[in-house]
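Below is one structure, written out as structure tokens; comments come after it.
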Amino acid sequence: MGFIGIDAGGTLVKLAYKSESNQIHTTYFLSSRFDLVKQWIENKFDHPKICMTGGRAKQLQNFLGTENYQYVVEFDATVRGVLYQLDKNHIDIQQAIVTNIGTGTSIHHLFETQHTRLGGTGIGGGTLMGLSKKMAGTMVFGEIVERSSMGSRKHIDVLVEDIYQENQLPIKGSLTASNFGALLHSEEEVNSDNDYLAGIQGMIGEVISSLSIQAADTKNVEDIIYIGTTLENNEMLQNVIASYTTLKNKRAVFLPEHGYSGAIGALLTI
Ligand SMILES: Nc1ncnc2c1ncn2[C@@H]1O[C@H](COP(=O)(O)OP(=O)(O)OP(=O)(O)O)[C@@H](O)[C@H]1O
Ligand SMILES: [Mg+2]
């Protein structure tokens with residue numbers, strides 16, 4: 001026996017499970033390695049109860065050959081996982097924007113336990129991986145995160161103050177006017193690969209926080225909860241997002257189990 005919640009996403013399969021002491025534990029595998037997921041489950045559990053969610057849930061279920069499983073709609077599971085974490089960490093929020101930065105990004109409005117999808121963007125964790133591969137020759141998430149923090153965006157982006165020279169600034173000068181816009185006039189060799197990585201993280205964080213802030217304005221909401229594995233140990237992305245969000249007088253909330261809200265929610269559905 002045993003209980004497992006599985007969120008099979010576009011890039012990663014996240015698992016949340018209960019130990020004998022009833023504590024929730026988590027682990028993940030690449031979505032391209034269903035074989036490892038199967039092996040892991042078979043090694044650890046005997047006829048477990050499984051609840052699945054995520055875009056690849058059906059695919060994974062077919063691979064596992066499990067007849068006996070539950071399915072829960074992705075955002076129902078995610079919200080359940082978010083509410084669980086808010087409660088566990090004593091964060092009192094009734095209403096918020098929830099932005100899930102997965103392979104792509106999805107933006108929802110949460111009111112108590114109800115949620116509606118407001119929109120999203122194709123700019124997300126997949127963008128980080130794809131552009132990092134092309135621009136800096138790395139596809140290793142941990143390396144991308146580490147190296148981006150050593151890079152500089154000075155000769156990558158155009159800032160508002162770069163354009164408004166000698167004029168009175170209409171908005172804060174340190175805001176980005178154009179992500180990657182500075183590449184047009186800078187010499188190739190000015191920027192290192194780490195600088196490109198920093199620019200990619202900056203662009204992703206700024207697009208996502210800008211959209212989330214607009215969503216928060218529309219719904220008159222102050223709190224924006226950012227989740228998704230793209231944030232995992234990714235201090236730079238969190239910093240970009242937090243500073244944009246704070247600048248617009250909203251509150252950025254990060255949860256300890258960024259990437260596991262869906263899997264935890266699926267587990268709690270059983
Ligand atoms: N070990 C890792 N391997 C690959 N990507 C990782 C890893 N750790 C973090 N990431 C980042 O997390 C992103 C995936 O996030 P997440 O698991 O939330 O998405 P997903 O659920 O697979 O996708 P979606 O919800 O869009 O279907 C990747 O695109 C990458 O940026
Ligand atoms: Mg997901």
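Only this structure's heavy atoms are used, side chains among them; waters, hydrogens and symmetry mates stay out. Atoms within each ligand, like the ligands themselves, are counted from 1 in listed order.
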Determine which pairs satisfy salt bridge (charged side-chain N to carboxylate O under 4.0 Å, His left out) with at least one residue from [range], sequence neighbours left out, and list them in order.
range            : result
residues 197-215 : Arg153-Glu206
residues 95-120  : none
residues 27-37   : Arg33-Asp35

*Heavy-atom distance under 4.5 Å between the side chains of Phe254 and Ile224, does that happen here?*
no
_When you compare the side chain of Met52 with that of Leu60, does any pair of heavy atoms fall below 4.5 Å?_
yes
*asked:* Residue by residue, ordered by chain and number, which ones reach under 4.0 Å of ligand 1 with a heavy atom?
replied: Gly9, Gly10, Thr11, Leu12, Lys14, Tyr28, Leu30, Glu74, Ile101, Gly102, Thr103, Gly104, Gly125, Gly126, Met129, Phe141, Gly228, Thr229, Thr230
*asked:* If we count only N and O atoms by modelled type, under 3.5 Å, do the side chains of Gln85 and Ser261 hold a donor and an acceptor together?
replied: yes
